[in-house]
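Everything on this sheet refers to the single structure shown next.
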Amino acid sequence: MFLHSGRNAGVFIGATVTFILACVFFAARIISRFGIVKRPGWDDYTIILAWILAFGMSTAIAFGASKGLGLHKESIQTSWVYPLLVSRYVAVVLFHPTLMVTKSSILLLYLSIAHYPQKFLRIGSYVTLAIVLVGGSVLTFITAFQCSPVQAAYNLTIQNSRCIAIETINLASVPVNIATDLAILILPIPVLTTLPLPMRRKTILILSFVLGVIFVIVVDVARIYYVQLAISSMGQLVSTGPSIHSLEYFYDGSLALLWSAVEVNVAIVCACVPTLKPLVKRWMPKAREKRAHGDTVNILRPPSSSQAGSVDIRRHKGGPRYQQGSTKSQLTISSHLRPAAQTAENQEQKEIPMVCSATAADMEHALPSPQIESATYFGFITMERPKCMLDMGGLESVKYCTLVATILFLEGFLSVMLFAVNGKVLIIKNPIQVTGISSASYGGIVVGPFLGYYLLHHVGFKGTFVTALGVCCIGTLMFWPSGVLHSYPGFITSNVVVGIALALFDISATSFLTLCGPPQFTVSRVLVGQGVTLIGGTLSFLLSAKVFFAHMDTARSMIAIQWTYLVLTLSTALLGLLFYYVPLPEATDSDMRSRQQRLQMYPLQKLFSRIPVAFTTLALAVLAAFCSAGSLVCIRRYIGSFLSTISTSTQTSPNLAALDFNLVLTAMYTIGHFILAFLCLLIPPRLLLLFAFGCGIAFTALLVKPEFHSVNTAQYVVLFFGLFLGPIPNFCFAITLGGMGRWTKLAACLIEMGCGLGASASPFIMLALPKAPNSVQYSFVVVIVLFSTGALFPLYLNLVRASGPNGPPPAWRILGNVFQRN
């Protein structure tokens, strides 16, 4: 064997050392499960198959290193080329089945744990296992038959061959790998956090598991990075033809193959670690001796047939019932005491594969008391279950509203990042595609309310938040294959999915802020929360314009965009896990029905003696949301063209470049939310909303008949009016939901749908108008019509007093109470 120094030796050493490490843990698992426990399962047999496949893959890479893998083409001898091609083909073909079988072993272990009613773990494991098997099988088939004829993959002398650029397919499969890795990470955590173990043992168990899976994800990310570098350096993003275009591939792609070997070997290590406790206890007699004294609680494996004394507390009428939020934790407890004189050998034969046993004394301290009804148990801490959000005072609601504000911050950050990414997509070829990809996310906002209404009624605010974060993960992961394959329909689909997530964020968070806290501060609460959304959007705009996507005009920009979305995906998954454990107050329909005093309108009164006031208010609010959202999207979409026209006609140059102007305009929208939130404490909100719509009409009238002497004057006018125009859709949200009572969730969904329809449809109308003989500013007639139509809503609120609050603003009420006391 002949190895050169540098990358060539590094590939050989890396593949060999990680496989030896996998062998050590694999052997330890075999001894533990077949020699000590003597109760192997399907997860053990599949890990054996995974080890055999990993052996073949690691051997192929090590053999390839001995034949020049990791060397430049001038250092590769002619006699090495054929064996090098064969070893590369074998390694590439074995990668996907090895990873598939290893993940299947872990998921089968989860299913063996989930014999008892851990519904989330059981169903999630089945779904993830199906995805792993289907995705792995398809990728294995595509990889094995990447060339026609098949021999062309490792024989460059074959003429007229056709091959798929397999590295591109591997990149397109990244979302499947990342998604299943995240599922394997998240699925068992709810079970692990409720194990009846002392705090120290439970913490060590969870940290070791989480860190192990995260390390596998990090290795997968490193592999993706080097695959992208190899493809980019060869200029081979998508291609057909020979499998290898140049022998330089064996230098550029060597690190990608190395990290592929590291990933599968580390995955085998992580799959073996949870099963090693019996072997560890054999080496630690003191721990075994301590184990012999006390009752044993087996919670992760069903009792064997020999354990005749076992009983299921679920079937015992007098058995305790433990709660985790609204979920019952049900355990199987050994009903007889094992005598202290029982031999360690017999104990170990009945040992379960994970760190999943505790003495009865441990169980008493680890599980919550079933009599505590006002507490929520989360495994590590017992938190007081919050009361109904409708009964919360101002100070009580602040901490929960602050927590929900993190969701709104993420929504703003993600939505603006989405539009920044869409502007960098190189496959867009005409203005219609530009408008289409920008409107796709708003199309998702039209669809999202249907799902949002169902979730709010069946799983509540917390479940809706977690679902929204999950949908967001799926949408951001879908962007990856779209970028790799340069698929415009793929970008549209990913934008729609992310739009659905944004709609769920908006509906659930706005409804939460409306109901959580004193009703007189509803409008200010919602505007402040949406201001936090725009803070996230402003920060996202700044980072995307100045840091992430600055100076990107080549195909390499797609790589940076993909990595941005991957980071967003991982961050969103962690935030979803956080919200799973954080207790949030809820408000059911019955709660809202029994607290009619919160209504700020008179829903029983009828307009024209026929139409209920509540329905009229909601219908006009949906119309106002449609018009205002469509107007703002049209302004943001076409204001650049308008300023360019003014600059040309006045022969002046703007002080703010287009990018900086949009950044400042987003900041003005943000400031406007906080200004109006404060003014709502002093001035009736219905008057402020009417003023905002009036500003919109006046502003667009200035655009249609411009009298600007310079483009800078036009920019300043746009920025000034942005203070009052930006908050209008959220203002409609806040005023309407404050008086809807038990219809709050339905109203939030309908208003969100109106916003999505207006934002997605209006730009297409504007797109056709600039083609007319008149200049671009006349297209803003559409915006004047939209603002004028939307102004019907604030006019109605001011004319029909039963449609909203009639008392003085909160600040005047507080001052009045102070003077009365004095």
Side-chain angles (χ1 to χ4, degrees), residues 408 411 415 438-456 468 496 499-511 513-514 523 526-527 529-530 533 601 611-637 669 673 685-686 689-690 692-693 696 725-740 743-766 782-797 803-804:
L408 291 171
E411 177 194 353
S415 60
S438 299
S439 300
S441 60
Y442 294 118
I445 293 176
V446 175
V447 178
F450 293 100
L451 177 60
Y453 183 72
Y454 175 85
L455 291 172
L456 287 174
V496 170
I500 293 174
L502 295 178
L504 294 177
F505 286 148
D506 215 20
I507 292 168
S508 54
T510 305
S511 301
L513 294 175
T514 299
V523 177
V526 173
L527 288 177
Q530 296 295 341
T533 304
M601 65 172 65
I611 307 174
V613 169
F615 295 162
T616 307
T617 303
L618 180 56
L620 289 175
V622 172
L623 177 63
F626 174 91
C627 295
S628 58
S631 299
L632 290 181
V633 171
C634 290
I635 291 172
R636 292 298 295 260
R637 177 72 180 82
Y669 283 2
H673 277 74
R686 63 179 184 274
L689 183 60
L690 181 61
F693 269 102
L725 302 186
I728 291 179
N730 295 321
F731 215 156
C732 296
F733 244 121
I735 290 180
T736 307
L737 297 187
M740 284 290 113
W743 297 296
T744 298
K745 298 174 183 178
L746 174 63
C749 295
L750 292 177
I751 296 174
E752 184 72 17
M753 189 180 300
C755 289
L757 283 172
S760 58
S762 300
F764 285 101
I765 300 175
M766 290 277 289
V782 175
V783 181
I784 293 181
V785 174
L786 290 174
F787 273 129
S788 301
T789 305
L792 294 174
F793 178 55
L795 286 173
Y796 162 80
L797 292 176
S803 62

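As a basis for the values below, the full set of heavy atoms in this structure was taken, side chains included, without hydrogen atoms, waters or symmetry mates. The first residue of the sequence shown is numbered 1, and numbering continues consecutively from there. Quantities reported herein were computed from a predicted structural model and do not represent experimental measurements.
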Classify the side-chain pair Tyr796/Thr616 by whether it contains a donor and acceptor separated by less than 3.5 Å.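 Side-chain D/A pair, Tyr796 to Thr616: absent.
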Do [X] and [Y] have side chains that approach each other closer than 4.5 Å (heavy atoms only, starting at C-beta)?
| X | Y | result |
| --- | --- | --- |
| Val523 | Phe731 | yes |
| Leu618 | Ile751 | yes |
| Val496 | Val447 | no |
| Pro449 | Leu750 | no |

Audit row: Gln530, Asp506, side chain to side chain contact (heavy atoms under 4.5 Å, CB included) steps and yes/no: CA-CA 9 Å; Gln530 296 295 341; Asp506 215 20; 3.2 Å; yes
Under 3.5 Å donor-acceptor, Ser511 side chain and Ser508 backbone: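 No; judged by distance alone, with no hydrogens or angles, the pair does not exist.
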Grab the two heavy atoms, one from [X] and one from [Y], that are nearest each other, plus how far apart they are.
| X | Y | answer |
| --- | --- | --- |
| Val783 | Cys634 | CG2-CB, 3.9 Å |
| Arg636 | Tyr669 | NH1-CE2, 3.5 Å |
| Ala621 | Phe793 | N-CD1, 3.7 Å |
| Leu786 | Cys627 | O-CB, 3.1 Å |
| Gly448 | Ile500 | CA-CG2, 4.0 Å |
| His673 | Pro727 | CE1-CA, 3.4 Å |

How long is the gap from [atom1] on [X] to [atom2] on [Y], to the nearest 0.5 Å?
| X | Y | atom1 | atom2 | answer |
| --- | --- | --- | --- | --- |
| Asn730 | Thr533 | CG | OG1 | 7.0 Å |
| Leu725 | Phe693 | CG | CZ | 10.0 Å |
| Thr510 | Phe733 | OG1 | CZ | 5.0 Å |
| Met753 | Ile445 | CE | CD1 | 11.5 Å |
| Leu623 | Cys732 | CG | SG | 9.5 Å |
| Leu456 | Leu746 | CG | CG | 10.5 Å |

Please determine whether side chain to side chain contact (heavy atoms under 4.5 Å, CB included) holds for the pair Leu797 and Ile735, giving the CA-CA distance in whole Å, both sets of side-chain angles, and the decisive distance to 0.1 Å. CA-CA 10 Å; Leu797 292 176; Ile735 290 180; 3.6 Å; yes
